[in-house]
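As the structure is a computational prediction, the values presented were derived from the model and not from experiment. Both backbone and side-chain heavy atoms feed into the values below; hydrogens, waters and symmetry mates do not.
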Amino acid sequence: MRLVYLILGLIGLVGTWFFNLRSMAAGENYLAGWFANAAASSAAVDVIVVAVVACVFMVVEGHRRGMSRAVWLLVPLSFAVAIAFTFPLFLAWREHHLLKIATDTAATGRQPVAP
């Protein structure tokens, strides 16, 4: 799953920034475009709510799993770069962390201590 998440994150990064750069080159008002009409506003609210939920999940789950404290850096990065990039990146990081725990547990025969 790590590879799947990383590929999807890369697609999210390239896909969003392709259009972001086109918007900047055209001199468009980026935020006004999000709310240009009712359909765009609906999609914008949808993405914003999902982004906020994903950010809360990344911080809480990262803490719960004992991942690096640096996981909170994904929150501002989500809004500066794209949640379509940072959320799959977090999921890949989480998979890596869970695999490491499973490997360590198998090697030592002991369950890790919860943070």
query = Is the CH2 atom of Trp34 crowded by more than 12 outside heavy atoms at less than 6.0 Å?
reply = yes
ask   = So do Ile83 and Val50 actually touch side chain to side chain, heavy atoms under 4.5 Å?
value = no
Main-chain N/O of Leu99 paired with Thr103 side-chain donor or acceptor, under 3.5 Å = yes
Shortest non-hydrogen separation from Phe85 to Gly9 and the atoms involved = CD1-O, 3.4 Å
ask   = Atom CZ in Arg2, atom CD1 in Ile7: separation rounded to 0.5 Å?
value = 12.5 Å
query = Take atom NE2 in His96; do more than 12 heavy atoms of anything else shown fall under 6.0 Å from it?
reply = no
inquiry  = Would you say that Phe57 contacts Phe90 through its side chain, given a criterion of any heavy-atom pair below 4.5 Å between the two side chains?
reply    = yes
query = Got a second to check how far Met24's CE is from Tyr30's OH, nearest 0.5 Å?
reply = 8.0 Å
query = Considering only heavy atoms from C-beta outward, does the side chain of Val81 approach that of Trp17 to under 4.5 Å?
reply = yes
request  = Drop me the distance from Leu73's CG to Thr86's OG1, to the nearest 0.5 angstrom.
outcome  = 11.5 Å
request  = Indicate if Phe19 and Leu21 have the same hydrophobic cluster label, given that clusters are the connected sets of ILVMFWY residues with side-chain heavy-atom separations under 4.5 angstrom.
outcome  = no
query = Under the 3.5 angstrom rule, does the side chain of Ser78 hit a backbone N or O of Leu74 as a donor-acceptor pair?
reply = yes
message = Once rounded to the nearest 0.5 Å, what's the spacing between atom CD1 of Ile11 and atom CG of Leu6?
response = 11.0 Å
ask   = Does the side chain of Pro88 come within less than 4.5 Å of Leu10's, by heavy atoms?
value = no
message = Once rounded to the nearest 0.5 Å, what's the spacing between atom CH2 of Trp93 and atom CZ of Arg65?
response = 14.5 Å
inquiry  = Could you measure the distance from the CG atom of Leu13 to the CG atom of Leu8? Nearest 0.5 Å is fine.
reply    = 12.5 Å
